[in-house]
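Everything quoted here is computed from the prediction, not taken from an experiment. Order of listing sets the numbers, starting from 1, for every ligand and every atom in it.
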Amino acid sequence: MTEWVAPIPAPDLAVAAALAFRSWFGVGPDGVWSAPGRVNLIGEHVDYAGGLSLPIALPHRTAVAVRGRADGVLRVRSGADRWDGTVAEVAPGAPGGWAGYLAGVAWAMRREGLLPDDFGADVTVVSAVPIGAGLSSSAALECALAIAVADLVGLTTDDTGRARLAGCCVAAENEIVGAPTGGLDQAIALRATAGHALLVDSGDGSVAPVPVDLEAEGLAVLVIDTRAPHRLVDGQYAERRRSVEASAERLGVPSLRAADASDVARLADRTLRRRAGHVVTEIARVRGTVALMASGRVAEIGPLLTASHVSLRDDFEVSCTELDSAVDAALAAGALGARMTGGGFGGSAIALVEESAIGRVAAAVASAAATRGLVTPGFLLAGAGGGPAHRIG
Ligand code: GLA
């Protein structure tokens, strides 16, 4: 038996968020906005090195119902959880937990001069993005609120405006939540184009949609949520980021984006050489993937995906037993390529599979997990690339 995690259609998500709002606050919201979770096709652990990534927005989205208020007060609700405070009192580490992502966005937007001093809001959250699965549930939460607030105060939400909002969401995550993540997740959640993957250039902040018509090729991206615990604030992510930045410093380059294999070979420290080697080869794999996709050869990207996994597993050392088991089982069952996706240390893997093989590959992954005594994974289909954060109700 394989467990599938279905997306929630936008109208249902909008109704659920508005109903939750009414039951918490006794009135209706000003509107409901949603933002997608993501899988990264390739380009992992390179965003904070100024590299290239190629995420796709999931059909699974997070919705926020929001009503603006003009007294600086924030009241946020998710399920049975609640936090009440003011935008002015938001500070590093406070509030903690999920509320920090929301409060942090308002804090960062105010610091950027995008909000009036008395801006406040009541907010309820409903999400179809699995939490803690490496599918960017946190960025979806941040970006849904950012676009909601932007609409409520009348900010421009063209791509330049969205890039600015993405910066605020990253600041919220880095400075208030304390997770030193790059900007990949927020870029896709706010700047995706439906029906496309997004080439995110973290060197200059630009994005470019890349058509990804998997269905026409009879292909699908199977997402495997290993359900192994996944945390980005536990120090390992920060340690990898530091080693990438230290490598650039030793090489005298602004970021590893500017380095090549011969530069990496000059690093005396073996660990730094392996970490930097991953970054440089991964950026090359993204270029290779985009080139194949641009020439209609998406079925051929499989080996690049698998090579990315091997590099993340052996050189960057961010994989884990559950992810390796999922990747190995998917490949053995006929996937064209497979890799961990997102930050790693748990979370999700993806497999590029022929549509006719989806069930077989999922069953093989689930059965490998059972045989090894691992937690039962969940499965999602990435679809054709969802749209960016926008108003849904
Ligand atoms: C997490 C971070 C991103 C990125 C990925 C790894 O998802 O939030 O910024 O670094 O890990 O590619």
Backbone of Val87 reached by a side-chain donor or acceptor of Arg110 within 3.5 Å
no
Contact between Met340 and ligand 1, counting heavy atoms under 4.0 Å?
no
To the nearest 0.5 Å, atom CD1 of Ile8 lies from atom OG of Ser127 at 7.5 Å
Looking at Arg38, which atoms of ligand 1 are within less than 4.0 Å of one of its heavy atoms?
7 (O)
For atom 10 (O) of ligand 1, tell me which residue out of Tyr48, Phe345, Phe316, Tyr237 has the closest non-hydrogen atom.
Tyr237
Nearest option to atom 4 (C) of ligand 1, as decided by whichever heavy atom of Leu135, Val200, Asp47, Asp185 sits closest:
Asp47
Counting only heavy atoms, tell me which of Gln186, Glu173, Glu44 gets closest to atom 6 (C) of ligand 1.
Glu44
Using a 4.0 Å cutoff against the non-hydrogen atoms of Gly342, which atoms of ligand 1 qualify?
6 (C), 11 (O)
Can you name the one residue among Asp84, Thr124, Asp122 that meets side-chain hydrogen bond (donor to acceptor under 3.5 Å, both in side chains) with Arg77?
Asp84
Could you list which atoms of ligand 1 come closer than 4.0 Å to a heavy atom of Thr181?
2 (C), 8 (O), 9 (O)
Considering the heavy atoms of Gly182, write down every atom of ligand 1 situated less than 4.0 Å from one of them.
9 (O)
Determine whether a donor-acceptor pair (N or O, by modelled atom type, separation under 3.5 Å) exists between the side chain of Arg275 and the backbone of Asp315.
yes
Arg82 side chain reached by Arg75 side chain, heavy atoms, under 4.5 Å:
no
In plain terms, say whether Asp263 and Arg266 are close enough for a salt bridge, that is, a side-chain N and a carboxylate O under 4.0 Å apart.
yes
Test your reading of the structure: does Val46 have an N or O sitting under 3.5 Å from an N or O of ligand 1?
no
Assess whether side-chain hydrogen bond (donor to acceptor under 3.5 Å, both in side chains) is satisfied between Arg285 and Thr281, documenting all intermediate values.
CA-CA 6 Å; Arg285 284 186 286 271; Thr281 57; 3.2 Å; yes
Location of contacts on Arg240 toward ligand 1, heavy atoms closer than 4.0 Å:
neither
